[in-house]
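Before any comments, here is the structure.
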Amino acid sequence: MSALGRAALAALIGWVVACGPAEEPSAEAPAEPPQAAPPAETPAPAPPPAPAIPPAPARQKPAVPAPSPAPGPPAPPVSEPAPDSAPAPEEPPPPAPPALSLEELGQRIKETKALGVFTKLALKNDIDALLAAIAAYHERGEGRIEVLRTRFEALVLKVTTLLEKDEPALATALARSRDDIWSRLVDPVAFAKITT
Amino acid sequence: MIRSLRWAALALALGSALAAAQEPGGDVPIPDDLLAVLTLRGKPCGRVVDYQRQGDSDYLVTCSDGHRYRVFVGARDQVVIEDR
């Protein structure tokens, strides 16, 4: 009996195994559909081609848009300069502080309220000393022009620093006038006309 | 009434003190003026923490870094700075 039973069991197993592939999906259908469906739906490979196509267009699109934006910018710049050029005429005020002559500069420094009495007097001392040294250079060839230029630049820097907080316009005018003033100081004829 | 008078007196005293710290005819406070001169002459100071008027255009200055200077106008209107 046991042998018969084994034979029957083996036959049953064999039958089940033979029918298994077809029955398993149906039997586990409720649980496996989600898992089996994706793998079974090899249509996934089909999508790849689709994504493959999008990337291509995506790459082409950037390339295509790039050229279009490129020509685009040129247009905006052309249009932007117009607005910029419009405010530009309103900016002339900065150039308003014209270069000052040495005499005007001295007068402005005397009149400014941005400097105290001690400071003005100390600056006058420094300016007088520099003018005396330049006079010695012109009249007797004493000293070196490079050293005098360095002293002049240092003095201008000091005055500009003192003025830039409370008298920015005067500080700007001084900075703009620096080269003109030096050209007058270094020219013997122009220097002789300077009155302190 | 008395309290308002006290406030007025206090304000007056404060205004006088502030006015005294300004050079006559100038808008620059004396400590700032003294510090500017010291800076112009390359004297280390930090900031002016105290100054004493010793005479006409003659001040004894105490700086925050411990330096003390006498700043005054000497002969021929020269600004002179002496270390103390």
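Values below: every heavy atom of this structure, side chains too, minus hydrogens, waters and symmetry copies. We name chains A, B, ... by the order of the sequence lines, and we start the count at 1 in each one.
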(message) Tell me if the CZ atom of B:R68 is crowded by more than 12 foreign heavy atoms within 6.0 Å.
(response) no
(message) For A:R144, I'd like to know if atom CZ has over 12 heavy atoms of other residues, nucleotides or ligands within 6.0 Å.
(response)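 Counting other residues, nucleotides and ligands, CZ of A:R144 stays at 12 neighbours or fewer.
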(request) Grab the two heavy atoms, one from B:A36 and one from A:L162, that are nearest each other, plus how far apart they are. (result) CB-CD2, 4.0 Å
(request) Locate the shortest heavy-atom distance separating B:V28 from A:G116; write the atom from each residue and the value. (result)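 Between these two residues, the closest heavy atoms are CG2-N, 3.6 Å.
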(request) Against chain A, label B:L34 side chain, backbone, both or neither, depending on which of its atoms sit under 4.5 Å from a heavy atom there. (result) side chain
(message) Is B:V71 in contact with chain A via its backbone, its side chain, both, or neither, using a 4.5 Å heavy-atom distance?
(response) both
Drop me the distance from [X]'s [atom1] to [Y]'s [atom2], to the nearest 0.5 angstrom.
X      : Y      : atom1 : atom2 : answer
B:L40  : A:L115 : CG    : CG    : 8.5 Å
B:T39  : A:K158 : OG1   : NZ    : 10.0 Å
A:D128 : B:D77  : CG    : CG    : 10.0 Å
A:N125 : B:R76  : CG    : CZ    : 9.5 Å

If hydrophobic clusters are built by linking Ile, Leu, Val, Met, Phe, Trp and Tyr wherever their side-chain heavy atoms come under 4.5 Å apart, do [X] and [Y] end up in the same one?
X      : Y      : value
B:V80  : B:Y51  : no
B:I81  : B:F72  : no
A:I145 : A:F191 : yes
A:L157 : A:L155 : no
A:I134 : A:V156 : yes

(message) Less than 4.5 Å to any heavy atom of chain B: does that hold for the side chain of A:A114, its backbone, both, or neither?
(response) backbone
(message) In the structure I gave you, are the side-chain heavy atoms of B:I30 and A:F118 within less than 4.5 Å of one another anywhere?
(response)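 No, too far: nothing below the 4.5 Å cut-off.
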(request) Report yes if some heavy atom in the side chain of B:V79 is under 4.5 Å from a heavy atom in the side chain of A:T119; otherwise report no. (result) no
(request) Look at the side chain of B:D33 and the backbone N and O of A:V117, then say whether any donor-acceptor pair between them is shorter than 3.5 Å. (result)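 A pair under 3.5 Å: yes.
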(request) Answer yes when B:R41 and A:D126 have at least one side-chain N-carboxylate O distance shorter than 4.0 Å, and no when they do not. (result) yes
